[in-house]
> 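Encoded as C-alpha cells, here's the structure I'll be asking about.
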Amino acid sequence: MKRSRKNQRQSQHHWHAQLRRLLSPRTFLQRHAQVALDSLGRLYRNRVASLMTAAVIAIALAMPAGLYLLLDNLERLSGTWDGQASMSVFLQNSVSASAADRLAKSVREWPEVHSVQLVTPDEALQEFSQRSGFADVLDALDENPLPAVLVVIPASGYTDPAAASALRERFSRLPETALAQLDLQWVQRLAAILDIARRGILITGCLLALAVLLMIGNTIRLEIQNRREEILVTKLIGATNGFVRRPFLYCGLWYGVLGAIIAWLLVETGFWLLSAPVSNLAGLYQSDFHLETLPFQLLWILVMGGMCLGLLGSWLAVGRHLDAIEPT
Amino acid sequence: MIRFTNISKRYPGGYEALSNISFHMEKGAMAFLTGHSGAGKSTLLKLIALIERTTRGQLFLDGQNVSRIGKRRIPYIRRKIGFIFQEHHLLFDRTVFDNVALPLIIAGYRHQEIGRRVRAALDKLGLLKKERLYPITLSGGEQQRVGIARAVVNKPMLLLADEPTGNLDPDLSREIMALFALFNDVGVSVLIASHDIPLIEELDYPALSLEHGRLAGSVVDRE
Ligand SMILES: Nc1ncnc2c1ncn2[C@@H]1O[C@H](COP(=O)(O)OP(=O)(O)OP(=O)(O)O)[C@@H](O)[C@H]1O
Ligand SMILES: [Mg+2]
C-alpha cells in the first residue's frame, strides 16, 4: 500500500517532467532541427539518386518558371510601345506635295492628334533605300512608287484601342487617304497572343506542379517501404505517428527545396544564354531591350513553391502509406 | 500493475491463442511467465504492450482500463513499458548507441541527457565498448543485451521480457536475471516470459504458467 502510493507519486512526477520536456520550446526546435538535418544527411548519403530525383523536380519547376519569365519580358516589350502607338496614313498618289502639306497642317489642329509628321515620297524613298539595301533597284525605276505618308501620334487620352480605332476611321474617310493603318494593331495582337500564352503556361504549370507532387509522393512511398522495419520498431517502442511522419515530411521538403534551387540555376543559365542573342536582335530594331530575370525574387518564389509542393507530396504519401504499417 | 479479467485473444485466422485469462500482478512485483512453445506467452506480453488487442475481457494497466483505448494514445502507454522482444527488433543500419537511444529520442530528451542515460544503460549491460558497433557485428547474446539496454534506458515502470535469456549461456543468463531483480528493487514491475525452468526454479519469484492458451499451475494472484 505504502509502496504503491510512492509509485503513484513517482509516476505523476514522471508525467509532469515529460510534459515539461515536450513543451519546452528549446527541445521542440532542437528536435525539429535534428530531424531536418538527419533527413538532409540521408539524402546526402544517397546523393546520386537524390540528385536525380531533385533534377527531375527541377526541370518540372524550371519549365513554367522560365516560360513565365519569357512572357513577362515580352509583356514588358509590348508595354514600352503601348504609350506611343502611332498611325501611318498613306495618301493617294494623286495628292500633290502642297496638298499633302496643307492636309498635315489641318490635321495637326484635330484635338485627338498630338503630332503629325509628313514624310514626302522623296524622303520615304531615301529612307527605304538606306535601310533596305535595294538602292540600286530603286534607282533603276523611272518613277518613285512610294506615296506620301502622315505619321500621326494620337494625343494622350486617345491612345486606348477604341479611341485609336475611331481616329483611324476618321482618317480613312478623308478623300486623300489611300490607307490608314494603326500601328497599335500589332500591339493588340501581341497582347492577345500573350493572353493565350499566359493561359497555356498556367495550364502547363499546374500539370507540372502535379507531376512534382506525384514524383515526390512516389519517392517518399519508396522511402517508406525501404524503412519499413525502422517504422515498425519505432512504433513498437512508443513512437507517435507524428514522430514517424516527421523525417519523411522533411525529406519531401528537402527534395522540393533542392529541386527549386536547381530549377533556379537552370532558368538563370537559360536566360544568360539567351540574353546576348536577344540584345543583339533588339539592337537591330534600335531598341535597348534586354532580358530581365529578377534573380532573388525568382529564387524566393521557386523555393517557396518547391517547399510547399514537397511538403504536400510527402504529406499525401505519408498519409496513404504510413498508417498502414502497424506492428504485430 | 497488470490486471487481466477474462481475457481471450483470437487471431484473425480464427485461432484462439489465449482463453479466459484472469490474473493480477501487483505494482512493483516481479514474476515469470512459463509454458511450452506455442502456449501463448508472447501473445500475452503483446496484449499488455497493446501490440495485439484483446478480443474479449478487460485489461488494466496501472489502474487504467486499456482494453478499448484509442490508437492515438497507445504510443504514450508503450513509453511507460520497456519491452524486450523475442526477435530483438534491433535496427541493423544504426549503431548500438543509436539503437539504445531510440526510446529517449522518441520521448524527446535533450541531447546531453540522451548520451548520459544511454552510456549508463550500456555500462550496466557490459556493452560500453561496443557502442559504436553495428548490431550485425555482435554475437546473439550481445544483441540480446542491446535489446535489454534499449528496454530499460527510458526507466519504464513496467518491464516485459520475452525470452530474454534465449541466446545466453547459463552464467550470463543468471547475470541478466540478477539485473532484472535489481530493476525490480528500485520499483520497476517485471514480467519475464521464459521456458528456462531450471533458472526459474533457482530464483524465488512467482510464476504464471500457460498451457494451450489457458492459465495453469502456480499463479501470482489468481482471481
Ligand atoms: N500473428 C499471429 N497470427 C495467427 N496466429 C498466431 C499469431 N501469433 C501467434 N499465433 C499463434 O498463437 C499461438 C501462441 O503463440 P505465441 O507466440 O504466443 O507462443 P509462445 O508461447 O510465445 O511460443 P514460443 O515459446 O515458441 O515463443 C501459436 O499457436 C501461434 O501459432
Ligand atoms: Mg514467444
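Every chain is numbered from 1 and lettered A, B, ... according to where its sequence line falls, protein lines coming before strand lines.
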> Is there a side-chain contact between A:Thr240 and B:Arg73, using heavy atoms and a 4.5 Å cut-off?
no
> So what's closer than 4.5 Å to chain A heavy atoms on B:Ile51: side chain, backbone, both or neither?
both
> Please table the atom pairs, donor to acceptor, closer than 3.5 Å between any side-chain atom in residues 208-219 of chain A and protein atoms at least two apart or in another chain.
| from | atom 1 | to | atom 2 | distance (Å) |
| --- | --- | --- | --- | --- |
| A:Asn218 | OD1 | A:Arg221 | NE | 3.1 |
| A:Asn218 | OD1 | A:Arg221 | NH2 | 2.9 |
| A:Thr219 | OG1 | A:Met215 | O | 2.8 |

> Please give me the minimum heavy-atom distance between A:Gly238 and B:Ile106, naming the atom from each residue.
O-CG2, 3.3 Å
> Might you confirm whether atom CG of A:Asn226 has over 12 heavy atoms from other residues, nucleotides or ligands at distances under 6.0 Å?
yes
> What part of B:Arg72 lies closer than 4.5 angstrom to a heavy atom of chain A: side chain, backbone, both or neither?
neither
> Does any backbone or side-chain atom of B:Ile74 lie under 4.5 Å from a heavy atom of chain A? Answer side chain, backbone, both or neither.
neither
> Looking at A:Ala239, is its backbone amide N or carbonyl O close enough to the side chain of B:Arg78 to form a donor-acceptor pair, meaning the two atoms are under 3.5 Å apart?
no
> For each of B:His111, B:Met1, B:Arg94, tally heavy-atom pairs with chain A at distances under 4.5 Å, and name the one with the top tally.
B:Arg94
> Looking only at non-hydrogen atoms, find the nearest pair between B:His89 and A:Leu236 and report the distance.
CD2-CD1, 3.4 Å
> Flag yes if more than 12 heavy atoms outside A:Tyr68 fall under 6.0 Å of its OH atom; otherwise flag no.
no
> Count the heavy atoms of every other residue, nucleotide or ligand shown that sit under 6.0 Å from OH of A:Tyr44, and state whether that count exceeds 12.
no
> Contact part of B:Phe85 toward chain A, heavy-atom cut-off under 4.5 Å: side chain, backbone, both or neither?
side chain
> Could you pull out the closest heavy-atom pair between A:Glu230 and B:Asp93, with the gap in Å?
OE1-OD2, 4.4 Å
> Decide if atom NZ of B:Lys130 counts as having more than 12 heavy atoms of other residues, nucleotides or ligands within a radius under 6.0 Å.
no
> If you draw a 6.0 Å radius around CD in B:Glu87, do more than 12 non-hydrogen atoms from other residues or ligands fall strictly inside?
yes
